[in-house]
There are 2 protein chains.
Amino acid sequence: MLTDRQLFILQVIIDDFIRSAQPVGSRSLAEKEEVAFSSATIRNDMAELEDLGFIEKPHTSSGRVPSEKGYRYYVDHLLHPKKLNHQEVETINSIFVDRIYELEKVVQKSARILSELTNYTAIVLGPELKDNKVKKLQIVPLSKDAAIAIIVTDTGHVENRAFTLPEQVNASDIEKMVNILNERLVGVPLSELHDKLYKEIVVLLRRHINNYDAMLSMFAEAVDVQVSEKLFFGGKTNMLNQPEFHDVEKIRLVMNMIDQEEGMYRLISGVPTGIQVKIGKENQNAAMEHCSLITASYSIGDEQVGAIAILGPTRMEYSRVISLVDFLSHDMTKALTNLYHS
Amino acid sequence: MLTDRQLFILQVIIDDFIRSAQPVGSRSLAEKEEVAFSSATIRNDMAELEDLGFIEKPHTSSGRVPSEKGYRYYVDHLLHPKKLNHQEVETINSIFVDRIYELEKVVQKSARILSELTNYTAIVLGPELKDNKVKKLQIVPLSKDAAIAIIVTDTGHVENRAFTLPEQVNASDIEKMVNILNERLVGVPLSELHDKLYKEIVVLLRRHINNYDAMLSMFAEAVDVQVSEKLFFGGKTNMLNQPEFHDVEKIRLVMNMIDQEEGMYRLISGVPTGIQVKIGKENQNAAMEHCSLITASYSIGDEQVGAIAILGPTRMEYSRVISLVDFLSHDMTKALTNLYHS
DNA sequence: TTTAGCACTCATAATAAGAGAGTGCTAACA
DNA sequence: TGTTAGCACTCTCTTATTATGAGTGCTAAA
C-alpha cells in the first residue's frame, strides 16, 4: 500500500519528467521547494515505487523514469485537471466563428488549432454521416455512357460519384428516375438507402424505365460506396520536436502510422464515449509503443458521431491535453447539437 | 575543357554515389571493371573535376562527392535515359484501369504508385479546373437561411459550397434562379463564371426574384471561391529512409515543407511544359537545399493542365525517375486527352 | 601521358581516465 | 519507528590519447 508521501513523490517525478524529459534523481527532487523531505527519504520511497513498478531506472545509477503503469496511475488518480487559461478558451472558441455549415472546414480547423495549442499531433474524426438524411438526389449525365450521382444530406454534406450509364437509357428515363428517387428517398438516412433502393424503388422503376435493373444497380453501386468518415490531421510533424524521437528509427514507425490513414482510422473510430487515455503498449500497436493517445468523443444530441484525438509521446502533458480535448469536444457537441438537433 | 575520360569519371562517380551514398575514392573507382585507368590517373582527373567545381571533398582526405554543379552537368549531358522494365510499365498502366471519370482517384493512385516505384515522395497536381465548363448548377436549400450551391462540370467534377440565404427569398425564387442559371451558364468555363454572373445574370434576376442582389452576391461568393487545383501525395515519409536524412534536424524542415501544402503548391504549380529537374539550391528554398525536384507537366490536348513531381535527395536516381515521370505524364496526357478532347 | 610509389591528412574507432549524478545501505537521530 | 546523514559504489558521459586506414597530392619513372 502506498503512503500519501509516496504518491506525492510519484506525482512530482512524473510532473518533472514530463517537463524535462530527463530521468529525475532523489537529490534534484529534494531541492524542490514543494518537497520537504530529504533525498534519503525520497530514495527509500523511490525504491518502493520501483518495486511496485510505477517507476524504473534506465540504468543502475540514473534517476527514475515513469513506467507505463506509473503514467496510468498518474492519469487515473493523481491528475488535477488544468484549468484552461483565457487565451486557450478564446482560441478554441474561434474555431466556431466560421459558417457552421462548412463542417469540413470547422473540423479541419479544430485539428490545426488543437495541434498548435498542444504541440502534439491532433486527429479529428469528422462526424459520421450514416444518420444523415437524404435532402436531395441528383443525376447529372455527362455523356452517352457516364453520369454523376449526387446526394445532398440534411447536414449540408455533398457526396458525389461517377457511374456508368447502361445503354438504352435516355434523358427522360433519367429524369423520371430522379423524380422517383426524390419522392421516395428524401428524409431517408444514408444507412438505409441501399435497402430502400432494392425494396421499394425497384418496383417503381420497373414500371417507368427502360433497362431499369442495369440502371438501378449502377446507381446503387455509386451510392453504396462506404461513406466513410474522414480524418483530419493537424501538426503531423510535431512528433519530430519531441526529444524522445530524436532517433530516426523510432520516428519512422510513428510517421508511417500517421501517414497511413487506415491504421489511424482503426485507432480512432470506435472510441468510447467521453475521454479515454491510452498509454504506450495499451494501444496494442508496435508503432505506438512510445506514444499515448488521448481521445474524446463528440455528439449530436445524445448520439456520438465523431472523435477528437491527440497523439504524443507517453511523456505527454496529460493534464493540459485532457482539459483541452475535453473542452473542445464539449464545444463541438454543443455547436453540432444546436445546429442539427433543435 | 573536359576530356572524355574526365566526363566518364564524373559519370561513374555520380552513379556510384547515387547507389552507395558514400564518398567515392580513386582506388575503389579504379577497381571497377568498367574503369580501365589507374587510381593515380583518376586522382589527377578528380583534381581537375574538383577545380572546376563538379565534385567536392567533405574533408581533406576523403573521397569525392558530386556538387550541385556536378549533378546539373550529369543531368544535362551524361544521363542515358533508363528504359523502364516490363514490370514498371505494367504498374503504371494499372493506374488507368480505373473508371476514368473518377479523376481524383486516378490522380491519387498515380501519386501512390509513383512513390512506391521510386521510394521517393511523389506529388501530383490534379488537373486544373478553370477551363472546365459548367454542366449543371443546383441550389439545395437546407433550412430557412442556408443552402448548398453545387456546380457539376463537364469533366465530372463536383464543387459544392454552403452559403447563407438572404431573408425574403422563398422556394419559388430559388427555383427560378436555378432555372435562369442553368439556361444561361451551362457551357461557360468556370473562370468566366463570376463575370457572367454580374454582367448577364444580374439583369435577369432583377426581373424575377425578390431581394435578387443579396441572393446573387451570396451565391456568387459561394461559387467564386478559388477552385484551386488539389495536390495529392504519395510516400510522404519516404524521405526518412534516405541516409542523408538520418539527422532529425535536417528532416524536420523538409517534412514541414511537405506537410504544409501551400509551399508545395507554389513549388509545383507553374512548372514549365515537359520535364524539369531542380537540384538543391536551385529550388530557392531553404528546406529543399538537400533535395531535388523532378517535375513533368501533363496536358489535355495541347493545354497543360497539371503536373507530376518527385521529391528526393539531391542524390537521386535521376535517370530512372526521369524516365518514370516522363512515361507517366505522357500516359496521363493520353488518357485525359482521349477522354475530354475527342 | 600514364602510372607507381610514398609521405601526409584527417575522420573514425578504440581505449583510458575522470568527473559527476545517482543509488543502496548502514547507522544515528528524533 | 520513521527520517536523515554519510559513504562506498555504479555507471554514464565527457574528454584526451592513440591507432587505423582510406584517401589525397606530388614526384619521378615508364
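Each chain gets a letter, A, B and so on, in the order the sequences are listed, and its residues count up from 1.
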Trainee: So, using side chain to side chain donor-acceptor pair (under 3.5 Å) as the criterion, who are the partners of Y71(A) when residues are at least two apart?
Mentor: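 In terms of side chain to side chain donor-acceptor pair (under 3.5 Å), with neighbours along the sequence ignored, Y71(A) is linked to no residue.
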Trainee: In terms of side-chain heavy atoms of S38(A), which of dT4(D), dT12(D), dT3(C) is nearest?
Mentor: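 Selected nucleotide (nearest to the side chain): dT4(D).
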Trainee: Would you mind reading off the distance between L29(B) atom CG and dT3(C) atom P, rounded to a whole angstrom?
Mentor: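 It works out to 14 Å between those atoms.
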Trainee: Only pairs under 3.5 Å count here: list side-chain donor-acceptor contacts from residues 75-88 of chain A, not counting sequence neighbours, and write none if there are none.
Mentor:
residue, atom, partner, partner atom, Å
D76(A), OD1, R72(A), NH1, 3.1
N85(A), OD1, Q87(A), N, 3.0
N85(A), OD1, E88(A), N, 2.7
E88(A), OE1, N85(A), N, 2.9
E88(A), OE2, R320(A), NE, 2.7
E88(A), OE2, R320(A), NH2, 2.9

Trainee: Restricting to side chain to side chain donor-acceptor pair (under 3.5 Å), what partner residues turn up for N285(A), sequence neighbours left out?
Mentor: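 Here no residue qualifies.
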Trainee: For A296(B) and V325(B), work out which heavy atoms get closest and say how close.
Mentor: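 It is CB-CG1, 3.1 Å.
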Trainee: Say whether, by atom type as modelled, one donor and one acceptor occur between the side chain of E282(A) and the main chain of I279(A) under 3.5 angstrom.
Mentor: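 At least one qualifying donor-acceptor pair exists.
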Trainee: Are the side chain of K69(B) and the backbone of L52(B) linked by a donor-acceptor contact shorter than 3.5 Å?
Mentor: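 Between the backbone of L52(B) and the side chain of K69(B) there is a qualifying donor-acceptor contact (under 3.5 Å).
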Trainee: Please tabulate, one pair per line, each protein N/O and nucleotide N/O from nucleotides 21-25 of chain D that are separated by under 3.5 Å, including the distance.
Mentor:
residue, atom, partner, partner atom, Å
dG23(D), O3', S62(B), O, 3.3
dT24(D), OP1, R64(B), NH1, 3.0
dT24(D), OP2, S26(B), N, 3.1
dT24(D), OP2, S26(B), OG, 2.6
dT24(D), O3', K57(B), NZ, 3.3
dG25(D), OP1, K57(B), NZ, 3.2
dG25(D), OP1, R64(B), NH2, 3.0
dG25(D), N7, R43(B), NE, 3.2
dG25(D), O6, R43(B), NH2, 3.3

Trainee: CD1 of I42(B) versus P of dT2(C): gap in Å, rounded?
Mentor: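 Computing the I42(B):CD1 to dT2(C):P distance gives 12 Å.
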Trainee: Of all the heavy-atom pairs spanning E68(B) and G280(B), show the shortest one and how long it is.
Mentor: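 Reported closest heavy-atom pair: OE2-CA, 3.5 Å.
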Trainee: Which of residues 2-22 of chain B sit near DNA chain D, with a heavy atom under 4.0 Å from it?
Mentor: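 Within this stretch, nothing sits under 4.0 Å of the strand.
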Trainee: Report the residues that fulfil side chain to side chain donor-acceptor pair (under 3.5 Å) with T121(A), sequence neighbours left out, ordered by chain and then residue number.
Mentor: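 With neighbours one apart ignored, the set is empty.
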Trainee: Separation of H59(A) atom NE2 from dT12(D) atom P, in whole Å?
Mentor: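 Between P of dT12(D) and NE2 of H59(A): 5 Å.
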